[in-house]
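Here the structure is laid out as structure tokens; the discussion comes afterwards.
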Amino acid sequence: MVKANEAFMHLKAGYLFPEVARRIEAWQQRHPGEEVLRLSIGNTTEALPPSIAKAMHEKINLLSSRETYTGYGDEQGDKELRRALRLHYEKEYNVALPDNAFFVSDGAKSDAANIQSIFSPSCIPAVQDPSYPVYVDSSVAGGHTGEYKDGGYQGIVYMPCDASNGFASLPPDAHADLIYLCFPNNPTGAVATREQLKAFVDYAHREKAIIIFDSAYSDYIQTEGIPHSIYEIEGAGDCAIEIGSFSKNAGFTGVRLGWTVVPEKLYGDDTFHRLWNRRQCTFFNGASNIAQSGGIAALSDEGRKECLELVGYYKKNAEIIRKGLASIGLECYGGIDSPYIWTRCPDNMSSWDFFDLLLDKAHTAVTPGSGFGKMGEGFVRFSAYGHRENIEEAMNSIKENL
Ligand code: PLP
């Protein structure tokens, strides 16, 4: 009998979003013809910005002619896109990195998981609790953890995030080797100040640890002085890997494009840059050339303007949700520098009970906070990704029926 990968067997059954989808479907079967207003998954809904769509059309035209057709590109990404990313970091974050620190990918989620493969299974991961599930699940599948017990995996250092620390924990007391951080945070919508990030960089230097910083929502930051990139913090260039995405600012959730920054040297050693390069060359044939043309356009002056307008649309949705929930007395966090509104369930309800109540009474689907970790219990996440009219309808329905 062929044996399954033991590490995968440790994964807790049922990934969060399929379970949400299963419950919505079951509800719809019980209520035929009723529409569900979805404020659950972080999936973009608005059209691609025009200059980005145009660039991708043009690329298709080039691919349609023998003279201008191109096949496989560089595994690390199109040189022009890597250069554009470097210039973007320089111009907007005042961060200087060489082009070859940028590795273009098909998205931040796969990079957040795949990056595990260049570290020893003996490395101890630390994650924020609650957190985007892929950090924990890839740690489990990568064999970094033991059994699931009492709401967490043995072998993971959990960094509890709650209202008392503004959902941005301090670095842990315990030793960790790989510290996953995500700001603006999914699911809590929290951002970290310069001082809070500096504390993590100092911790990393003390423990000789590596930070894996997920900046997928950096364009949602509007509060002055909040860093958009971990490399804005002194010393981060020696200890941090950063993962970025075009999904949430350029609407590329379906197009698929992201990047990972691996500095040429971490603590003066080029091992991880070499290994990530090796990993990408061996297991990845490069991101779609059509998507990469869109990425180059997204980083142009015109593209940036359009992306920020798109982000502004979702942020307006977030404001409508935040104000609507607050108006009926619900305790809300986030939704200012982020598309997510982290909401405490009323009357000490559990996350899934409040999920069911919102679905039953207001026909609105959200995401139960407990799916993001033990500390998420008692919260739900509202997502601002939706057409404005659906967001308004959902909020009216919640206000009327809850
Ligand atoms: N990182 C975070 C924190 C996310 O919330 C998401 C998607 O919801 C991703 C990464 C996925 O990004 P991508 O679409 O580039 O894979």
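In listed order, ligands and their atoms are each counted from 1. Excluded from the calculations below are hydrogen atoms, water molecules and symmetry mates; all remaining heavy atoms, backbone and side chain alike, are included. If you're wondering where the values come from, they're calculated on a predicted model, not measured in any experiment.
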Lys/Arg-Asp/Glu bridge criterion (N-O < 4.0 Å) met for R82, D99: no
Salt bridge (charged side-chain N to carboxylate O under 4.0 Å, His left out) contacts touching residues 206-225 (sequence neighbours left out): D219-R304
Neighbour count >12 (heavy atoms, 6.0 Å) for atom OH, Y267: yes
Every residue of the protein that comes under 4.0 Å of ligand 1, judged on heavy atoms: G107, A108, K109, Y132, Y135, C182, N186, D214, A216, Y217, S245, S247, K248, R256
Residue pairs fulfilling side-chain hydrogen bond (donor to acceptor under 3.5 Å, both in side chains) with at least one residue in residues 280-295, sequence neighbours excluded: R278-T282
Pair Y93 and Y231, ring centroids less than 6.0 Å apart: no
Where at least one partner belongs to residues 280-321, residue pairs that pass ring pair (Phe, Tyr, Trp, His ring centres under 6.0 Å), sequence neighbours excluded: Y314-Y385
